[in-house]
Amino acid sequence: MIDRGYSITLFTALLLGAALLASTSIMLIPKAAGVNNTITLTGFISAWNGTTSKPNPTITVTQGDSITLRLSSGDGAPHQWFVDVDKNGPSPDCSGADICSSLFSTSTVLTFTVSFAPGTYTYYCSVHPATMLGSFVVNPSSSVGGTALPADRLALVAPYVGLLSVLAGLVAIRNHHAPPTEREEVDHRGRPVSWVPHAGNVQPSTFNVRPLSL
């Protein structure tokens, strides 16, 4: 049978350990934060940013970034920018996975969050896809520059406290229902007797008198 005093001591020690864990400084969990990027592209039938030294520039972003894309038509022709997220070619799927601007011949602004998987994609003009296209690179998200938040200590410790409470209840039930043990005593004449204690009894309830040896 588990000794009641030992069980209480063990439970108290474990409970104090859980309380110590709750009060100890726990590692901070970084929260990733996206970056706001503003990108400017001018459309020409020959290329995006066709009059610059770097036409159809590679656009590099990070997953989770918020993008503001400022688009304008440099030649007065209609253009539509889109990134081919589903990688099915230069025909835009604007109602599906692809991210598309409106059709414009002057200027427009497109805002979106990079929520799709890291990788290399292609952006196009849906009207002139053979010449107006470039790489759209999505890097994996990073926690650098994020906001550090403390861990929820109560949530971390609560399962252990609950388990300890259940174990303590089981030990108490077992101790309450455990059968009494037989004890060896001697009577007033020095003869050995055995008795089983019962609640409320101060006298032995069962005697087994052993004859004295002469």
Side-chain angles (χ1 to χ4, degrees), residues 21-22 24-160 162:
L21 176 63
T24 302
S25 177
I26 300 177
M27 182 181 297
L28 297 180
I29 301 174
K31 179 181 179 181
V35 176
N36 295 321
N37 283 334
T38 298
I39 301 167
T40 300
L41 291 174
T42 302
F44 294 89
I45 294 176
S46 60
W48 292 103
N49 292 355
T51 60
T52 68
S53 60
K54 294 182 179 180
N56 293 329
T58 296
I59 298 174
T60 302
V61 298
T62 299
Q63 188 182 33
D65 284 357
S66 296
I67 305 300
T68 298
L69 194 59
R70 299 187 180 278
L71 303 166
S72 62
S73 174
D75 54 12
H79 302 289
Q80 181 186 32
W81 185 94
F82 79 96
V83 57
D84 183 22
V85 177
D86 55 14
K87 298 185 177 183
N88 65 348
S91 297
D93 182 16
C94 298
S95 60
D98 294 349
I99 296 175
C100 308
S101 74
S102 59
L103 188 68
F104 63 94
S105 57
T106 54
S107 63
T108 189
V109 175
L110 172 65
T111 58
F112 63 95
T113 299
V114 183
S115 58
F116 42 97
T120 300
Y121 303 85
T122 303
Y123 69 88
Y124 296 92
C125 170
S126 65
V127 184
H128 313 99
T131 56
M132 300 177 67
L133 71 163
S135 295
F136 191 92
V137 180
V138 179
N139 289 324
S141 60
S142 172
S143 61
V144 177
T147 302
L149 297 178
D152 189 342
R153 298 173 181 173
L154 180 60
L156 292 173
V157 174
Y160 299 98

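None of these values were measured; they are calculated from a predicted model.
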Exercise for review: Carefully, step by step, assess Thr42 and Ser72 under the rule side-chain contact (heavy atoms from CB on, under 4.5 Å).
Suggested key: CA-CA 5 Å; Thr42 302; Ser72 62; 3.4 Å; yes
Point to revise | Audit row: Thr62, Val35, side-chain contact (heavy atoms from CB on, under 4.5 Å) steps and yes/no | key: CA-CA 8 Å; Thr62 299; Val35 176; over 6 Å; no
**Study point:** For Leu133 against Ala130, the heavy-atom pair lying closest together
**Key:** CD2-O, 3.6 Å
Identify each donor-acceptor pair in which a side-chain atom of residues 102-115 lies under 3.5 Å from a protein atom, sequence neighbours left out, and give them as a table.
| from | atom 1 | to | atom 2 | distance (Å) |
| --- | --- | --- | --- | --- |
| Ser102 | OG | Thr108 | OG1 | 3.3 |

Review point. Is there a donor-acceptor contact under 3.5 Å from the side chain of Gln80 to the main chain of Ser101?
Key: yes
Check your understanding: To the nearest 0.5 Å, what is the distance between CZ (Phe44) and NE2 (His79)?
Key -> 8.0 Å
Check your understanding: At what distance, to the nearest 0.5 angstrom, does OG of Ser126 lie from CG of Asp93?
Key -> 12.5 Å
Review point. Asn49 and Thr51: side-chain donor and acceptor closer than 3.5 Å?
Key: no
Review point. Can you name the ring-ring contact (aromatic ring centres under 6.0 Å, His included) partners of Phe136, sequence neighbours left out?
Key: none
**Study point:** Min side-chain heavy-atom separation Leu41-Ile59 under 4.5 Å
**Key:** yes
Check your understanding: Considering all heavy atoms of both residues, which atom of Ala77 and which atom of His128 are nearest to each other, and what is their separation?
Key -> CB-CE1, 4.5 Å
Check your understanding: Which atom pair, heavy atoms only, marks the closest approach of Ser91 to Asn88?
Key -> O-OD1, 3.9 Å
Revision key, fill the gap. In short, Gly50 meets Pro55 closest at the heavy-atom pair CA-CB, 4.3 Å
**Study point:** Rounded distance [0.5 Å steps], CG in Asn37 versus CG in Asp65
**Key:** 5.0 Å
Revision key, fill the gap. Closest heavy-atom pair, Trp48 versus Gly43, reported as atoms and distance to 0.1 Å, is CE3-CA, 3.7 Å
**Study point:** Distance, nearest 0.5 Å, that separates CG of Leu71 from CG of Leu69
**Key:** 4.0 Å
Review point. Can you name the closest pair of heavy atoms from Thr131 and Asn56 and give their distance?
Key: O-ND2, 3.0 Å
Exercise for review: With sequence neighbours left out, write down each residue that passes ring-ring contact (aromatic ring centres under 6.0 Å, His included) with Tyr121, or none if nothing qualifies.
Suggested key: Phe116
Practice item. Return yes if some donor-acceptor pair links the side-chain N/O of Asp98 with the main-chain N/O of Asp84 below 3.5 Å, else return no. Key: no
